[in-house]
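Each chain gets a letter, A, B and so on, in the order the sequences are listed, and its residues count up from 1. Side chains included, hydrogens not; waters and symmetry mates left out as well; all remaining heavy atoms used. Every value quoted in this text rests on a predicted model; they were computed, and no experiment measured them.
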Amino acid sequence: MSVRVQEQDFDLAAELAGFGDGAGAIVTFTGIVRNNPAGDLREMLIEHYPAMTKPALEQIETDALNRWQLTDSRIIHRFGALKPGAQIMMVATASTHRQNAFEAAEFLMDYLKSRAPFWKKEITTSGEVWVQGKDADVAALKRW
Amino acid sequence: MSVRVQEQDFDLAAELAGFGDGAGAIVTFTGIVRNNPAGDLREMLIEHYPAMTKPALEQIETDALNRWQLTDSRIIHRFGALKPGAQIMMVATASTHRQNAFEAAEFLMDYLKSRAPFWKKEITTSGEVWVQGKDADVAALKRW
Amino acid sequence: MIDVVYFAWVRERIGVPREQVETNAKTVAELVSELSAREDRYELAFSDLSAIRVAVNQTLVEFDAPLEGATEVAFFPPMTGG
Amino acid sequence: MIDVVYFAWVRERIGVPREQVETNAKTVAELVSELSAREDRYELAFSDLSAIRVAVNQTLVEFDAPLEGATEVAFFPPMTGG
């Protein structure tokens, strides 16, 4: 069980070495900076609220652990300036049952989207724009 | 989009290098040989039906691609004698939307469980036993 | 002549992974009856058909499926992939 | 004295990431009114509160939350993690 907030990149394989401690099922989600429809994204600036970020992520992880039988979990979220194609964040969940691992990973993602204090600004060749929170992301919390 | 059936191990990080081609969301599921409750599993023997396995997996992958907008997908399934802790199989899905990636990965797993011609035998210190298909796995197909 | 193949505990009970069978059976079910009448090991393997799945030419079918055009018939327990 | 912190476009409109505010406001809403009355940049930043979220001592709250015990109040747009 661990949460990390960091500027540097992460290596999914290294994160999964020994992860889950014998669990049969491991689910990962990796978020990647994708280019915008115009294809002119230079970088994605990710700002966060340092005093709040880690506690907020730990609370989300705790909620998942209380809800599903997991043998392990991990949340890593980056901040700073990221290029298209760069990894933004990952979650991983391990359980003896695949459905638990899948549901817990989706739960973590849904809460990360609208309950973790990160903000994204797209820097394009023609200007800068803050990414807006999606109503669909807020609505996604209702299913849990 | 690819399907592989192989005896040798796989490296999740290597499989994901370049995977998804700019998709924002990548989901992976990795199945691991877990020990039995008695803790005396020596190995899991995985048998398959070579002439049918790859076409069956490709059909499952095609069904997923027809149903969700994916920028990439991969299914790797091993056969042979595997020790506890070894990787058995993986699926990976990439999409611009995380919900598509999650749902497609769950779909692939549900179909792999009861529609891909693999059979597992547990070799323990006290004997051998074929793993039985679970009614829950067959029931899981009903949701799709 | 049809190639008949067996997997997992079906293979273990029949005792061979593959054999060629001369048959006039019209359906999978008729083939199963013919084989079961041959020897005890077949009768034992096929004693509970609810525990057996069948594929004709590598495609899952029901026991009432016709054998016309069949070159390979496979019998095996419910699959346990993943 | 309360530390007031701003993030993303709220920070850009206010023009500073953090400041200390002397206030007798009883609730977050009262603090917002006080700040908005100060200068246009605050009024502009807080002109549509439906687009603003607030945390007191690093915990998300509503605008009617009391400020008793508050040492840090943060204003920011809806979060976009993941």
* Asked: Is chain C contacted by the side chain of Met89(B), its backbone, both, or neither, given a heavy-atom distance below 4.5 Å?
  -> side chain
* Does a side-chain N-to-carboxylate-O contact under 4.0 Å join Asp110(B) and Arg143(B)? -> yes
* Asked: Among side-chain atoms of Thr93(B) and Asp72(B), is any donor-acceptor pair under 3.5 angstrom?
  -> no
* Structure fact -> So, the part of Arg115(B) with a heavy atom under 4.5 Å from chain C: the answer is both
* Verify whether one side chain among Ser36(C) and Glu43(C) offers a donor that lies under 3.5 Å from an acceptor in the other. => no
* Contact part of Pro117(B) toward chain C, heavy-atom cut-off under 4.5 Å: side chain, backbone, both or neither? -> both
* Structure fact -> Cut-off 4.5 Å, heavy atoms of chain C, and the answer for Gln132(B) is backbone
* Asked: Between Tyr49(B) and Glu72(C), do the side chains contain an N or O donor and an N or O acceptor separated by less than 3.5 Å?
  -> yes
* What part of Arg11(C) is in contact with chain B, defined as an atom under 4.5 angstrom from a non-hydrogen atom: side chain, backbone, both or neither? -> side chain
* Under 3.5 Å, is there a donor-acceptor pair between the Tyr6(C) and Glu12(C) side chains? -> no
* Lys121(B) versus chain C, the contacting section by heavy-atom distance below 4.5 Å -> side chain
* Asked: Where does Ala8(C) contact chain B at under 4.5 Å (heavy atoms): side chain, backbone, both or neither?
  -> both
* Are Phe75(C) and Phe46(C) close enough that their ring centers fall under 6.0 Å? -> yes
